[in-house]
S.K.: 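Pasting a structure below so you can have a look.
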Amino acid sequence: MSEQNAALSWFTEQHGRAGSAFSLHVKALLHTEKTPFQSIEIYDTTDWGKLMVIDGCTMVSTRDNFLYHEMMVHPALFTHARAKRVVIIGGGDCGTLLEVLRHEEVEYVAQVEIDERVTRLAEQYFPELCASNGDPRAEFLFVDGIKYMAELEPESVDVVIVDSTDPIGPAKGLFHTTFYTSCCKALRPSGILVQQSESPLVHLDIIKMMRNAMRLSGFHAVRTLTFPQPLYPTGWWSCTMARKGADLSGFRERGAAAKRFATRYYNVDIHRAALALPEFMREAFGD
Ligand code: SAM
């Protein structure tokens, strides 16, 4: 839920479940539109650069998106031995795509975003996230990710990254066993699914539901990683990885240490630390 004061000096998102709110000082509302899927707003802020809001929920800011995008990509790609074919479901702002394309071993990546307007607005207001959109390895498909995964050839991809909105509206089905079963079928042996999994502090029930559904859908190993994300409810976020036919106990530490591209958050120590679970999460997951 968003609330603008009369002078349009603050954007506020109220987090119903958390009993809290997050505000950014805004200079201007740059764009607003209603697409067939959702409402999108773009703001210029005083200190956080541009801000994209979908259905009243903060999606991306110039200032802090690197935390989320790097953690949605590098742990999974440095866990897989050699991910050649990658699918991103959602991710219309192109920040996840940018990080995937930093990996030289990736030969093809499909970005499957239901709402083309998100990508067109990202190109206009977040050009730095779209800097690699012309890479010949990238394909843009503007269709429903649920249908796309259900129709994908079996054992044809190495990593599926679900960078979606919350489990409501068009993203609801992305948190279901039927979708996870499609992902499991489409992944090659040792393939990895990674999905943004909300806040450990207030959405633990959603994370537990996702982990159970992933296991029920044929994945052998499941791990949840946590990281900071000031823009999202509670400022603390997570992604959950599931692997087909192999475990998730380690990652390619030497490869990550010798990576040939710069990151601002991700490194080997951050990866190790993100895998460590606090007591309340261990207890909730029975790990
Ligand atoms: N980082 C963000 C977060 O966690 O709040 C997500 C950003 S990204 C903009 C989310 C995208 O998922 C949106 O652009 C939305 O259109 C897309 N999306 C939602 N449901 C989808 C579906 N069923 N298939 C493909 N894309 C979907």
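Atoms within a ligand are numbered from 1 in the order they appear, just like the ligands themselves. Residues: numbered from 1 along the sequence shown.
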S.K.: Just need the protein heavy atom nearest to atom 19 (C) of ligand 1, so name the residue and atom and give the distance.
M.R.: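 The protein heavy atom lying closest is Thr165 OG1, 3.3 Å.
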S.K.: Should Gly145 be counted as touching ligand 1, given the test is an N or O pair under 3.5 Å?
M.R.: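 N/O-N/O distance below 3.5 Å exists for this pair.
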S.K.: Which residues pass the salt bridge (charged side-chain N to carboxylate O under 4.0 Å, His left out) test with Glu104, sequence neighbours left out?
M.R.: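 Checked Glu104 against salt bridge (charged side-chain N to carboxylate O under 4.0 Å, His left out); matches are Arg260.
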S.K.: Please examine the side chains of Pro233 and Phe22, heavy atoms only from C-beta on, and report whether any two atoms are closer than 4.5 Å.
M.R.: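 Not touching, per the 4.5 Å side-chain cut-off.
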S.K.: Decide salt bridge (Lys or Arg N to Asp or Glu O under 4.0 Å) for Lys185 and Glu155; before the verdict, give the C-alpha distance in whole Å, the side-chain angles of both, and the deciding distance to 0.1 Å.
M.R.: CA-CA 6 Å; Lys185 217 170 85 193; Glu155 303 204 346; over 6 Å; no
S.K.: Would you mind reporting whether Met149 and Val87 have side-chain heavy atoms less than 4.5 Å apart?
M.R.: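 They are in side-chain contact.
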S.K.: What protein heavy atom is closest to atom 27 (C) of ligand 1, reported as residue, atom name and distance in Å?
M.R.: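 Answer, as residue, atom name and distance: Ile114 CG2, 3.6 Å.
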S.K.: Considering heavy atoms of the protein only, find what lies nearest to atom 2 (C) of ligand 1 and give residue, atom and distance to 0.1 Å.
M.R.: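 So the nearest neighbour among protein heavy atoms is Tyr232 OH, 3.0 Å.
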S.K.: Give yes or no for whether the N/O distance cutoff of 3.5 Å, strictly under, is met between Asp166 and ligand 1.
M.R.: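 No, since none of the N or O atoms of Asp166 sits under 3.5 Å from an N or O of ligand 1.
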S.K.: Going by heavy atoms, is Tyr148 under 4.0 Å from ligand 1?
M.R.: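 No, Tyr148 has no heavy atom closer than 4.0 Å to ligand 1.
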S.K.: I want to check a possible cation-pi pair here: Arg137 against Tyr108, using under 6.0 Å from ring centre and within 45° of the ring axis as the test.
M.R.: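 Not flagged: Arg137 not positioned over aromatic ring of Tyr108.
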S.K.: Answer yes if the ring centres of Tyr232 and Trp237 are under 6.0 angstrom apart, and no otherwise.
M.R.: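 Judged by ring-centre distance (under 6.0 Å), Tyr232 and Trp237 do meet the cut-off.
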S.K.: Evaluate the criterion ring pair (Phe, Tyr, Trp, His ring centres under 6.0 Å) for residue pair His74 and Phe261; output intermediate values, then yes/no.
M.R.: CA-CA 11 Å; His74 303 311; Phe261 54 86; 5.1 Å; yes
S.K.: Hey, which atoms in ligand 1 end up nearer than 4.0 Å to a heavy atom of Tyr68?
M.R.: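 Atoms satisfying the 4.0 Å criterion: 1 (N), 2 (C), 4 (O).
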S.K.: Measuring from non-hydrogen atoms of Met72 to any atom of ligand 1, is the shortest distance under 4.0 Å?
M.R.: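 No, Met72 has no heavy atom closer than 4.0 Å to ligand 1.
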S.K.: Look only at interatomic distance and state if Pro170 has a nitrogen or oxygen under 3.5 Å from any nitrogen or oxygen of ligand 1.
M.R.: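 Such a contact does occur with ligand 1.
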S.K.: Near Asp144, which atoms of ligand 1 are under 4.0 Å from a heavy atom of that residue?
M.R.: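 Close to Asp144: 22 (C), 23 (N), 24 (N).
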S.K.: What is the nearest protein non-hydrogen atom to atom 11 (C) of ligand 1, stated with its residue, atom name and distance?
M.R.: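 Closest protein heavy atom to atom 11 (C) of ligand 1: Glu113 OE1, 3.4 Å.
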S.K.: Is there a heavy atom in Phe37 that sits closer than 4.0 Å to ligand 1?
M.R.: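 No; Phe37 lies far enough from ligand 1 that no heavy-atom distance drops under 4.0 Å.
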S.K.: Is it true that the NZ or CZ of Arg243 lies under 6.0 Å from the centre of Phe219's six-membered ring and within 45 degrees of the ring axis?
M.R.: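 That pair does not qualify as a cation-pi contact.
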S.K.: Go through the steps to decide whether Lys50 and Thr45 satisfy the test side-chain contact (heavy atoms from CB on, under 4.5 Å), and finish with yes or no.
M.R.: CA-CA 6 Å; Lys50 304 287 189 298; Thr45 73; over 6 Å; no
S.K.: Please identify which atoms of ligand 1 are closer than 4.0 Å to at least one heavy atom of Gln38.
M.R.: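 So the answer, numbered in order with elements, is 15 (C), 16 (O).
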S.K.: Can you confirm if the aromatic rings of His103 and Phe78 lie within a centre distance of less than 6.0 Å?
M.R.: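 Yes, close enough.
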S.K.: Does ligand 1 come near enough to Trp237 that some N or O of the ligand is less than 3.5 Å from an N or O of the residue?
M.R.: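 Between Trp237 and ligand 1 (N or O atoms, distance only) the closest approach is not under 3.5 Å.
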S.K.: Please check whether Val143 reaches ligand 1 - meaning an N/O of the residue sits under 3.5 Å from an N/O of the ligand, judged on distance alone.
M.R.: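 No, Val143 has no N/O under 3.5 Å of an N/O on ligand 1.
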S.K.: Give the atoms of ligand 1, by number and element, whose distance to some non-hydrogen atom of Asp93 is under 4.0 Å.
M.R.: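 Per the distance check, 7 (C), 8 (S), 9 (C).
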S.K.: Decide whether an N or O pair under 3.5 Å exists between Asp115 and ligand 1.
M.R.: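 N/O-N/O distance below 3.5 Å does not exist for this pair.
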S.K.: Return the closest protein heavy atom for atom 10 (C) of ligand 1 as residue, atom name and distance.
M.R.: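 Ranked first by proximity to atom 10 (C) of ligand 1 is Asp163 O, 3.4 Å.
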S.K.: Going by atom types alone, do Thr224 and Thr240 pair a side-chain donor with an acceptor below 3.5 Å?
M.R.: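 Side chains of Thr224 and Thr240: pair found under 3.5 Å.
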S.K.: For Val112, take its heavy atoms, then give the atoms of ligand 1 lying under 4.0 Å from any of them.
M.R.: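 Listed by number with element, the hits are 25 (C), 26 (N).
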S.K.: Measure the shortest side-chain to side-chain distance between Met281 and Thr226 over non-hydrogen atoms and say whether it is less than 4.5 angstrom.
M.R.: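 Yes, at least one pair of side-chain atoms sits under 4.5 Å.
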S.K.: May I ask you to list the atoms of ligand 1 that are less than 4.0 angstrom from any heavy atom of Ala171?
M.R.: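 With Ala171 as reference, the close atoms of ligand 1 come out as 19 (C), 20 (N).
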